[in-house]
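See below for the structure under consideration.
Just so you know, ligand 1 is whichever comes first in the structure, and atom 1 is the first atom listed for that ligand.
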Amino acid sequence: MSMCSASGGEDSCHGDASLCVGDDEPPPIATAPSTTEATVYRHKNWNDWRWQMANRVRTPQQLFAAFPRLAGGPDLTAVMTKYPMAITPYYASLIRRADRSDPIFQMCVPQGQELTDPPFLTPDPLEECRDMPVPGMVHRYPDRALVIATTMCSTYCRHCTRKRIAGTRETSITKRRLEQIAAYLTEHPQISDVIISGGDPLTMTTEHLEMVLSRLRQVPSVQIIRIGTRVPVVLPMRVTDELCQMLRKYHPVWVNTHFNHPQELTEESAEACRRLADAGVPLGNQSVLLRGVNDDPRIIEQLCRGLVRMRVRPYYMYQCDLVRGVEHFRTPLTRGMEIMEYLRGRLSGLAIPTFVVDAPHGGGKIPVLPTYVVSQSPTHTVLRNYEGMLIAYPEPHQRFDDQCTAPREESSPGVWELAAGRYSRIQPKETIRHARRQPCCTSDESVGDF
Ligand code: SF4
């Protein structure tokens with residue numbers, strides 16, 4: 001089977017610089033919200049996701065046509081050559097001011113700063129390529145795998161962690177590659193949770209996405225399928241009844257979406273989430289902390305409250321990855337901590353995401369939290385609450401010597417095994433001291449070495 005091309009290509013309406021009317025169309029029937037600075041009109045096919053795909057802003061000329069104020073500004077061709085631009089007319093219509101004071105503008109319009117990288121940034125800081133036993137599939141955690149089903153998105157986020165692939169070619173998974181992935185999953189039944197990601201999998205045609213879902217469902221050990229998508233944010237009209245009916249056939253299917261700012265919470269995005277939730281799809285949100293966009297506790301609070309109203313559970317708030325082209329978006333870790341400190345107590349636990357660093361070198365997601373344990377003795381733990389109140393929590397009177405009894409797993413030991421007393425140490429071997437050390441003289445000293 002050949003590679004899948006953009007679904008928007010199927011539509012009769014081709015992209016044009018004015019974003020508004022195809023050559024053969026009558027004048028616009030309604031304008032976009034008066035708050036937008038974009039010269040975007042609500043074409044009669046505005047609610048057709050294929051029309052939106054076909055009319056994405058993709059070139060400097062189209063960008064200047066949509067935002068005349070930008071014409072004569074810096075030449076962005078070099079940035080767009082390295083990191084492609086695409087903005088759906090819908091998402092462009094959410095821009096209120098065509099400058100960097102606008103969060104939507106910052107997230108989708110290329111900036112010259114994307115080409116100025118400090119040396120510690122890399123194209124693939126999570127080292128996904130090194131955890132790919134099959135091309136296009138990342139296997140990092142014991143029970144989970146991630147499938148890169150497409151390199152296409154409807155809108156290319158300037159802060160994307162997969163800037164190295166998103167939009168560089170707009171292709172989707174082939175049947176042959178899918179078979180290789182299914183074979184790997186069958187050989188590794190410990191993988192029970194598969195995440196379909198990209199690019200944005202919901203930019204694929206419903207038929208193509210169904211091919212992926214149905215093949216994964218044929219692997220008996222795959223229990224949960226998750227889809228990572230920004231479609232409800234940037235192309236909400238893609239969430240059609242047809243798509244929802246198809247998803248229903250492959251439950252349990254979860255969707256994680258990617259709202260970053262309350263300005264993205266619109267009637268259209270709420271409707272997309274409603275349709276998914278009504279189709280029995282649990283919804284989570286993964287946001288990224290971005291300098292000048294959402295690195296303010298009150299913005300995150302507003303975002304989280306709005307998401308819960310839309311039946312979307314705030315799941316993760318990511319620290320920006322060390323990926324090339326995003327330095328201008330990075331915030332210090334302390335900013336995330338401040339935000340978490342602010343949220344606790346103001347919002348219910350349901351509305352508070354976990355702040356995580358997706359660690360470089362494939363270290364995986366590491367939660368970063370304010371400390372609520374102030375001190376500990378064998379009889380009491382001293383806790384603090386969000387107000388600064390200190391509380392002594394007494395331990396059980398009866399001695400509590402037994403350990404948790406989880407079965408041994410066939411995986412490398414982690415901190416849990418140290419706490420359970422199963423290993424005495426986890427030790428790096430690539431140190432000068434380690435190379436210098438003599439062999440153990442007693443057998444019990446080797447306990448825990450691996
Ligand atoms: S939609 Fe997701 S994969 Fe696509 S550019 Fe945005 S963050 Fe990257």
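Using a cut-off of 2.8 Å, one finds that H159 contributes no N/O/S atom close to atom 8 (Fe) of ligand 1. Among the atoms of C157, an N, O or S atom falls under 2.8 Å from atom 6 (Fe) of ligand 1.
Nearest protein heavy-atom contact of atom 1 (S) of ligand 1 is R230 CB, 3.6 Å. Among all non-hydrogen protein atoms, the one lying nearest atom 8 (Fe) of ligand 1 is C160 SG, 2.3 Å. For atom 4 (Fe) of ligand 1, the closest non-hydrogen atom on the protein side is C153 SG, 2.2 Å.
Side chains of Q62 and N55 form no contact here, defined as non-hydrogen atoms less than 4.5 Å apart.
Shown in contact with G199 at under 4.0 Å from a heavy atom are these atoms of ligand 1, numbered in order with element: 3 (S).
The environment of CZ in R69 is crowded: more than 12 heavy-atom neighbours from other residues, nucleotides or ligands sit within 6.0 Å.
Ring geometry for H159 against F329 counts as perpendicular: the plane angle is over 60°, on a 0 to 90° scale with 30° as the lower cut.
Within a 4.0 Å radius of atom 6 (Fe) of ligand 1, the protein contributes at least one heavy atom.
A pairwise comparison of heavy atoms in L70 and F105 identifies CD1-CE1, 3.9 Å as the closest pair. Considering all non-hydrogen atoms of both residues, G349 and R344 come closest at CA-NH1, 4.3 Å.
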Exercise. Could you go step by step and tell me if R215 and Q218 meet the side chain to side chain donor-acceptor pair (under 3.5 Å) rule?
Worked result: CA-CA 5 Å; R215 185 64 189 90; Q218 286 166 24; 3.2 Å; yes

